[in-house]
There are 2 protein chains.
Amino acid sequence: MPPSDPLREQIIAQYDVMSPQLQQAARYVLDHPEEVALVSMREVARYAAVQPATMTRLAKFLGLPGYDELRAQHAAALRQGSDGFAAKVRQRVDEGRETVASDTATHMLQGLSAQLAKLCEPDSLRRLEATADRLMSARKIYVLGLRSCHAIAWHFHYVMTLLGDRSVHLDGPGGTGGDALIRATSEDVMLVISIKPYARDALEVAQLAKEKGVGIVSITDSEVSPLVAMSAQTILCPTESDSFFHTLTPALAISEVLCSLLAEFDRPKTLEALQQVDEHLSHLNTYSTAIPRRQ
Amino acid sequence: MPPSDPLREQIIAQYDVMSPQLQQAARYVLDHPEEVALVSMREVARYAAVQPATMTRLAKFLGLPGYDELRAQHAAALRQGSDGFAAKVRQRVDEGRETVASDTATHMLQGLSAQLAKLCEPDSLRRLEATADRLMSARKIYVLGLRSCHAIAWHFHYVMTLLGDRSVHLDGPGGTGGDALIRATSEDVMLVISIKPYARDALEVAQLAKEKGVGIVSITDSEVSPLVAMSAQTILCPTESDSFFHTLTPALAISEVLCSLLAEFDRPKTLEALQQVDEHLSHLNTYSTAIPRRQ
DNA sequence: AAACCAATGATCCATATGTTTCATACTATA
DNA sequence: TATAGTATGAAACATATGGATCATTGGTTT
């Protein structure tokens, strides 16, 4: 339990001034915060051997509008688990009161921030690692992401291009995207990115690859995504945002982490490859730091 | 998230034979187990966008006596999860260096999370809002992002495409990307995305547009980026990561927030446009939820 | 076309919930 | 001892909740 819970500290601080019954209630709340979040007030009162009204009185005593708020706070604490990082983010939400328009922005960004923090959970990390391992041992990496997931697939492929020539982006004009699979073998792996609603074409191409013996790994949004069943490894990314659209930011973050893990797997080779890219692009005069003069 | 939860596995196993509404409910339950434990059934139903009765039906479908049992099981999982989590963390600490890879991942993800949280600062929010305002009043929005920023530009354009036809992506085969600017006027705005190293072509096209009177807004990485000087509005995004590569996750997040602000500006129109898209794509049979059968 | 069936939505119901009110018991001060 | 003030318990209240019922829909089969 994180000791940095403001409500808990308040209860402890005011404990001495409480009446005996309030103390008994407060003590139970302190000792069993999960129960407060999970069961009804009357039940908590029964466990604490206290009248239901006492729980309400406790909440009011603490300056809260009612018992519901007390439970809500315990629920929030439980939701975030021991992830102190997300807790800090959440804390800021209540502080700031800004313009209406930037409220939307703030909510979205803080939500995304929390989602990324959550990706640090052991389960996600394990999946990341396993997927990276699978990709490392591949001869070729076919990257597939259609429609909304195109951006993620493209970027993953772009970064991988900087590291070598193992990556093949399954995307081409006139529906020729899948053609690169012609010479795919069982030594290869395909990274499929797809979120709800799942593009039919992506599923079909992935299925085709699988039947050719290509190993499938995926980034998708749910345990019941059709990709899960056909993948050797899957990384789950949240996509909810309080806007009209699903967010791809967590998916991109995952993709970038995967690239990093792959790059770090062989640092010397990575460094060499990057230097090579630098030289090549500087010869092509690709980059600039000044506003171009035009005549 | 404990992957070995019998109830979860049962839901996953039976997911395929559920009716669409049940699937929708089940999907939410799988993706948000904490909410099931913490809030009322009706609220869960609201979040999952299903009828309250559907939640009851889901519980019965799973062989449980009622929804209460479903919540009880999730509550139990959460209870043991909260103190089980600390144990897992401790375990990881004891294991020590065994998982170097997930250390990298954790660092990256937490760093990204912090960067997104930082974007909520007043200055960033002001810039976001100003940029969104500028984009709203535009006749056409030309979107330009080359090389590493292509993914961001593409995704912004993709989302804007769902909302209407104001967006034009400046990207084409054979170096024809800038051609769409032929009919650009001073009523139009160009959104340029570029980070260091700045692609020379992007700067040139932007400069060309500016000389045609097109308003420039940009997403870039520094106050001294060449884009700042030529832009009416600029949003700064961090790009540092402890990997070899610059991260584009914050830039994507910003782009998504911009899209949301634009969408929210005219909710009725947005909803109508999205519905239109839905119909169109469903007629094209674009999406699927099942693994495609192949013969 | 007709008839059936499962699936979904809308409505109603009994109950449990959080809160309030009121009466009683307790304690401290004069 | 009398009394004011508080703490506690019991009961009543409006409401929200989970569950059940019935009508409607949409797709299949005969």
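Just so it is clear: chains get the letters A, B, ... in the order the sequence lines come, proteins before strands, and each one is counted from 1.
With A:Q23 contributing its side chain and A:Y15 its backbone, the two residues share a donor-acceptor pair below 3.5 Å. Under a 3.5 Å cut-off, the side chain of A:S231 and the backbone N or O of A:V217 do not form any donor-acceptor pair. Not one N or O on the side chain of A:D221 forms a donor-acceptor pair closer than 3.5 Å with the backbone of A:I195.
When rounded to the nearest whole Å, the span between OH of B:Y67 and P of D:dT17 equals 11 Å. Put simply, CZ on A:R46 is 16 Å from P on D:dG9, counting in whole angstrom units. Rounded to a whole Å, the CE atom of B:M18 is 12 Å from the P atom of C:dT8. B:Q23 has its CD atom 18 Å from the P atom of C:dA6, to the nearest Å. B:Q21 places its CD atom 18 Å from the P atom of C:dA6, with the value rounded to the nearest Å.
Shortest non-hydrogen contact noted between A:L181 and A:K212 is O-NZ, 3.0 Å.
You'll find the ring centres of A:H150 and A:H169 inside the 6.0 Å limit.
With a 6.0 Å radius and a threshold of 12 heavy atoms from other residues, nucleotides or ligands, A:F244 has its CZ atom above the threshold. With a 6.0 Å radius and a threshold of 12 heavy atoms from other residues, nucleotides or ligands, A:D31 has its CG atom above the threshold.
At a non-hydrogen distance threshold of 4.0 Å, B:R57 from residues 56-64 of chain B come into contact with DNA chain C.
Within the nucleic acid shown, B:P20 comes within 4.0 Å of sugar-phosphate atoms alone, with no base atom in reach, counting heavy atoms only. At a threshold of 4.0 angstrom between heavy atoms, the contacts of A:Q51 include nucleobase atoms, whether or not backbone atoms are also involved.
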At a cut-off of 3.5 Å, list every protein nitrogen or oxygen paired with a nitrogen or oxygen from nucleotides 14-17 of chain C, distance to 0.1 Å.
residue	atom	partner	partner atom	Å
C:dT17	OP1	A:S40	OG	3.2

I would like to know whether A:E223 and A:R127 meet salt bridge (charged side-chain N to carboxylate O under 4.0 Å, His left out); could you show each step before the answer? CA-CA 13 Å; A:E223 201 80 64; A:R127 288 164 180 262; 3.5 Å; yes

